[in-house]
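This one's a predicted model, so the numbers in the text were calculated from it and none came from an experiment.
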Amino acid sequence: MSGPFALVDCNNFYVSCERVFAPRLHGVPVGILSNNDGCVIARSEELKRLGVAMGVPAHLIAPALKRKIVLCSSNYELYGDMSARVLEVMRAHYKGVEPYSIDEAWIDLTGHAVTIDELNALRQSIRRLTGIPVSIGLAPTRTLAKLANRYAKRASSGVYVMPAPSDPAHPALLRATPVDQVWGIGTRLALRLKAQGILTAHALSTADPHALRRAFSVVLARTAMELAGTACFEMNDADSDKHALMTSRSLSRATQCPTALMQAIRQHTNRSAEKLRQQGSTARAVMLTMSTSKHIGPARHHGRVVIELEHPSQDTFMFLRAARQGFEALYRKGVRYQKCGVMLMDLARTDQQQLSLLGNVSGEATLNDALMSTLDRANRRFGQRALTVGFIDGAGPWQLKCDHRSSRCTTRWDELARVRRT
DNA sequence: TCTGGGGTCCTAGGACCC
DNA sequence: TCTGGGGTCCTAGGACCC
């Protein structure tokens, strides 16, 4: 028997992070933009009230409206660091904290008679120590805790405890919840469910799991059982390794120049390899993707190619050779590419890999291992891309546009916040 | 002019084996 | 004339999440 579970969710997380170090943003409509200052990906309550939708392209916001609001470039280094601080406070209160995304974490409270006062204390503690406001939902299953969290956001206390499935308030609440608001039900599934007359969370919770399994999938059957109060979803091991590692970016402007594209690819390969070594894994294959803008009609084009390596590797040089090979195969003259990415695949732990008859026997491998760890140390100390394999020009079209980024004041000495005494 | 970047899991279907 | 069947592995693609 497992559960209950609490879901701790940071309110308007990216905006809240910005506000911690820029008090002038309190009470002001604030939006955070995606990479290249493309779309709005996070909004303050004030901005939501002005009707600015999630995902709307920044250039489509009316100029009159734009003058009334503040748009910031995203500052992932800051958000990542603030996220780690919130987790640290949670771990000081509870065992069983499982990060779920940059702004959410579960607490597995199996065997723990938790009280609402305790959760309130956690909430206040996070606010005081990090400056970040959070909402907490508590329920017997994760799917119900997700729902409870929605209610917590509306509650003035910021904490909501789901009534037990035996409580008459439970079905009433599920009846009031449209099925598309259930965790795991996206647009497509909601449409198919509605076609079958399943319109609310309650209807889904009372549907026959076997029938759901046959008509849809095992995941939907489990979601239904979770709504009815039976915990089915195990959490991914929080520290588990990724199965694939991707680095991709839109270019700040489309290009057909092979030199420029190859530099972007080199940059992504360097970054993916760094992430790979950080989690202590090797890769057996490199996938390269290159595509045009999605918004140019029939001329759009998406190419991808997978290059298998001779043996599992952590070596940026080897990945770059593969990426170059992929580029030769994919590149088409005259196509204006908008985005490219490098994915490392078939990952395995360095300590669990099968030995190859041919791999890792030459002196070259050990020499490169040493070189790679020096590279990583240098980049940790002097900032990303301080040292890269292969030439990467700092001013090409692949460089991120982020004209309104706040300072990375919690992770960079040279960007510390300044306080002026008046 | 300008439209994000990661991930996960599941399923269907083909290839291949015996 | 008659033309198996079950299992596994792999891949592509769909759907979802934040």
Nucleotide-resolved protein contact map, nucleotides 12-18 of chain C, B/S/- at heavy-atom distance under 4.0 Å: -S-SSSS

Derivation and outcome, side-chain contact (heavy atoms from CB on, under 4.5 Å), residues A/Met90 and A/Val8: CA-CA 9 Å; A/Met90 289 176 63; A/Val8 179; 3.7 Å; yes

Upstream residue (5' side of DNA chain B) when A/Ser217 and A/Tyr14 are each assigned their closest nucleotide: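 On the 5' side of the pair lies A/Tyr14.
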
5′-ward residue of the pair A/Leu245/A/His295 relative to DNA chain B: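 Looking at DNA chain B, the more 5' nearest nucleotide goes with A/His295.
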
Of the nucleotides [options], which one has an atom closest to the side chain of [X]?
| X | options | value |
| --- | --- | --- |
| A/Arg213 | B/dT3, B/dG5, B/dT11 | B/dT11 |
| A/Cys39 | B/dG5, B/dG6, B/dG4 | B/dG4 |
| A/Ile41 | B/dG4, B/dG5, B/dT11 | B/dG4 |
| A/His243 | B/dG4, B/dG6, B/dT8 | B/dT8 |

Nearest whole angstrom, please: distance from the [atom2] of [N] to the [atom1] of [X].
| X | N | atom1 | atom2 | result |
| --- | --- | --- | --- | --- |
| A/Leu71 | B/dC2 | CG | P | 19 Å |
| A/Tyr79 | B/dG6 | OH | C1' | 16 Å |
| A/Ile61 | B/dT3 | CD1 | P | 14 Å |
| A/His404 | B/dC2 | NE2 | P | 17 Å |
| A/His59 | B/dC2 | NE2 | C1' | 5 Å |
| A/Met287 | C/dT11 | CE | P | 12 Å |
| A/Arg142 | B/dC9 | CZ | C1' | 16 Å |
| A/Met343 | B/dG7 | CE | C1' | 8 Å |

Non-hydrogen atoms of A/Cys17 and A/Tyr79 that approach each other most closely: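 Shortest heavy-atom separation between A/Cys17 and A/Tyr79 comes out as CB-CD2, 3.6 Å.
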
Sugar-phosphate only, base, or nothing, as touched by [X] at under 4.0 Å among non-hydrogen atoms:
| X | answer |
| --- | --- |
| A/Lys401 | nothing |
| A/Val56 | nothing |
| A/Thr247 | sugar-phosphate |

Strictly below 4.0 Å: does [X] bring a side-chain N or O up to OP1 or OP2 of [N]?
| X | N | result |
| --- | --- | --- |
| A/Arg222 | B/dC9 | no |
| A/Gln338 | B/dT3 | yes |
| A/Lys339 | B/dT3 | no |

A/Gln181 atom CD, over 12 foreign heavy atoms within 6.0 Å: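 Yes, CD of A/Gln181 has more than 12 neighbouring heavy atoms, counting only those of other groups under 6.0 Å.
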
Atom CZ of A/Arg412: over 12 foreign heavy atoms under 6.0 Å: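 Yes - once you tally the heavy atoms of other residues, nucleotides and ligands closer than 6.0 Å, there are more than 12.
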
A/Phe216 vs A/Leu193 side-chain heavy atoms within contact, under 4.5 Å: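 Yes. Closest side-chain heavy atoms under 4.5 Å.
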
Pair listing, salt bridge (Lys or Arg N to Asp or Glu O under 4.0 Å) test, anchored in residues 39-51 of chain A, at least two apart: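 Applying salt bridge (Lys or Arg N to Asp or Glu O under 4.0 Å) to every pair that reaches into residues 39-51 of chain A, excluding sequence neighbours, yields A/Arg19-A/Glu46, A/Glu45-A/Lys48.
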
Worked verdict on A/Thr410 versus A/Arg85 for side-chain contact (heavy atoms from CB on, under 4.5 Å): CA-CA 11 Å; A/Thr410 64; A/Arg85 292 175 185 212; 3.3 Å; yes

Same-atom distance (C1') from C/dG4 to B/dC17, integer angstrom: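 Approximately 14 Å lies between the C1' atom of C/dG4 and that of B/dC17.
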
Pair A/Met372-A/Phe317, side-chain contact (heavy atoms from CB on, under 4.5 Å): steps then yes or no: CA-CA 9 Å; A/Met372 291 302 117; A/Phe317 287 98; 3.6 Å; yes

No-hydrogen, no-angle side-chain donor-acceptor test under 3.5 Å, A/Glu118 and A/His112: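 Yes - a donor-acceptor pair under 3.5 Å links their side chains.
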
Derivation of the side-chain contact (heavy atoms from CB on, under 4.5 Å) call for A/Asn120 and A/Ile136: CA-CA 8 Å; A/Asn120 265 318; A/Ile136 306 179; over 6 Å; no

Qualifying residue, where the test is ring-ring contact (aromatic ring centres under 6.0 Å, His included) with A/Trp106 and the options are A/Trp183, A/Tyr94, A/Phe233: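 Exactly one candidate clears the test, A/Trp183.
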
Secondary structure of DNA chain B in dot-bracket form (Watson-Crick or G-U wobble, distances below 3.5 Å, | marking inter-strand pairs): ....||||||||||||||

